[in-house]
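First the structure, in the form of structure tokens, and then the observations on it.
Residue numbers start at 1 and run along the sequence shown.
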Amino acid sequence: MAMDRIDQTVTRGTTEVWTLRNGGDMTHNFHVHDVQFRVLDVDGKRPERALRGRKDTVAVPTGSTVRIALRFDGPPDPDIPYMYHCHLLSHEDLGMMGQFVVVEKGRRAGAVPDHAGH
């Protein structure tokens, strides 16, 4: 995690499919800010009933792959990123996070404002 870095740029009004793979030794609770998503499948199978509604966090078990569909309809701003991260406090403390910006079609990511003093 670097507060001055933008890891992904997404276009407002689009839907993306993200593949989450857990090659670690424990379940990771993956969370995305500013968007709700739908779980498409877990290890290639239809998700259990509890995972079929809209989510902002999904548990990704050890050794599993989860595919999610995200619709980016939130307000666009090329300079102000949203985060995605594991919702385990120890992982957040280690900086296991990324940032994305939502932009209008044809626009590029901007520059993250200085976070001095935060």
Side-chain angles (χ1 to χ4, degrees):
M1 171 64 180
M3 292 292 288
D4 62 347
R5 184 180 72 218
I6 296 171
D7 300 294
Q8 305 292 328
T9 302
V10 297
T11 302
R12 184 174 189 269
T14 62
T15 301
E16 293 188 2
V17 175
W18 291 6
T19 301
L20 314 172
R21 291 184 184 92
N22 182 354
D25 60 356
M26 64 188 302
T27 296
H28 292 268
N29 299 308
F30 185 76
H31 174 66
V32 184
H33 289 217
D34 184 54
V35 65
Q36 291 187 328
F37 55 81
R38 294 202 181 270
V39 176
L40 298 175
D41 57 65
V42 177
D43 295 328
K45 298 179 183 142
R46 185 175 184 197
E48 62 183 72
R49 180 177 285 278
L51 293 178
R52 293 185 198 156
R54 297 179 82 169
K55 304 291 179 195
D56 68 3
T57 305
V58 63
V60 184
T62 302
S64 291
T65 299
V66 176
R67 288 187 329 124
I68 60 175
L70 307 96
R71 174 88 182 166
F72 295 95
D73 288 325
D77 189 324
D79 301 321
I80 305 298
Y82 297 101
M83 297 178 72
Y84 55 91
H85 58 95
C86 178
H87 244 223
L88 294 173
L89 188 55
S90 61
H91 291 173
E92 291 179 14
D93 288 346
L94 292 172
M96 297 176 77
M97 306 175 202
Q99 298 191 121
F100 67 94
V101 290
V102 179
V103 299
E104 291 291 357
K105 185 176 181 178
R107 300 275 319 265
R108 294 179 182 228
V112 178
D114 182 18
H115 289 281
H118 287 255

Residues clustering with Val17 (ILVMFWY side chains joined when closer than 4.5 Å, directly or via others)
Leu40
Measuring from atom CZ of Arg5 to atom CE of Met97, what distance do you get when rounded to the nearest 0.5 angstrom?
11.5 Å
Can you list the residues that meet the side-chain hydrogen bond (donor to acceptor under 3.5 Å, both in side chains) rule with Thr11, with sequence neighbours excluded?
none
Among residues at least two apart in sequence or on other chains, which ones pass ring-ring contact (aromatic ring centres under 6.0 Å, His included) with Tyr84?
Trp18
Does the side chain of Val112 come within less than 4.5 Å of Pro81's, by heavy atoms?
yes
Just so I know, are the side chains of Glu16 and Phe72 near enough to count as touching, which here means a heavy-atom distance under 4.5 Å?
yes
Smallest heavy-atom separation, Val60 atom then Asn22 atom, equals O-ND2, 2.8 Å
Contacts of type side-chain hydrogen bond (donor to acceptor under 3.5 Å, both in side chains), residue Arg38, not counting sequence neighbours:
none
Looking at residues at least two apart in the chain, or sitting in another chain, which of them share a ring-ring contact (aromatic ring centres under 6.0 Å, His included) with Phe37?
none
With sequence neighbours excluded, residues passing side-chain hydrogen bond (donor to acceptor under 3.5 Å, both in side chains) with Asn29:
none
Drop me the distance from Asp41's CG to Arg67's CZ, to the nearest 0.5 angstrom.
4.0 Å
Hey, which of Asp7, Val10, Leu70 is the one that makes side-chain contact (heavy atoms from CB on, under 4.5 Å) with Phe100?
Val10
Only pairs at least two apart or in different chains count here, so list each side-chain hydrogen bond (donor to acceptor under 3.5 Å, both in side chains) that has a residue in residues 42-53.
Asp43-Ser64
Checking Arg108 now: which residues fulfil side-chain hydrogen bond (donor to acceptor under 3.5 Å, both in side chains) with it, not counting sequence neighbours?
none
Nearest 0.5 Å, please: how far is NE2 in His31 from NE2 in His85?
4.5 Å
Test side-chain contact (heavy atoms from CB on, under 4.5 Å) on Ile68 and Phe30; report intermediate values, then the result.
CA-CA 11 Å; Ile68 60 175; Phe30 185 76; 4.3 Å; yes
Taken in chain and number order and not counting sequence neighbours, the residues that satisfy side chain to side chain contact (heavy atoms under 4.5 Å, CB included) with Thr9 are Ile6, Val101, Val103, Ala109
Sole residue of Leu20, Thr65, Leu51, Val58 in side-chain contact (heavy atoms from CB on, under 4.5 Å) with Val42
Leu51
Write down the atom of Gly74, the atom of Val102, and the distance for their closest heavy-atom approach.
O-CG1, 4.0 Å
Taken in chain and number order and not counting sequence neighbours, the residues that satisfy side chain to side chain contact (heavy atoms under 4.5 Å, CB included) with Glu104 are Arg12, Pro76, Arg107
Those residues at least two apart in sequence (or on a different chain) that pass side chain to side chain contact (heavy atoms under 4.5 Å, CB included) with Asp77 are Asp79, Ile80
Once rounded to the nearest 0.5 Å, what's the spacing between atom CD of Gln36 and atom CZ of Arg54?
4.5 Å
Taking salt bridge (charged side-chain N to carboxylate O under 4.0 Å, His left out) as the cut-off, I'd like each qualifying pair that reaches into residues 20-32, sequence neighbours left out, listed once.
none
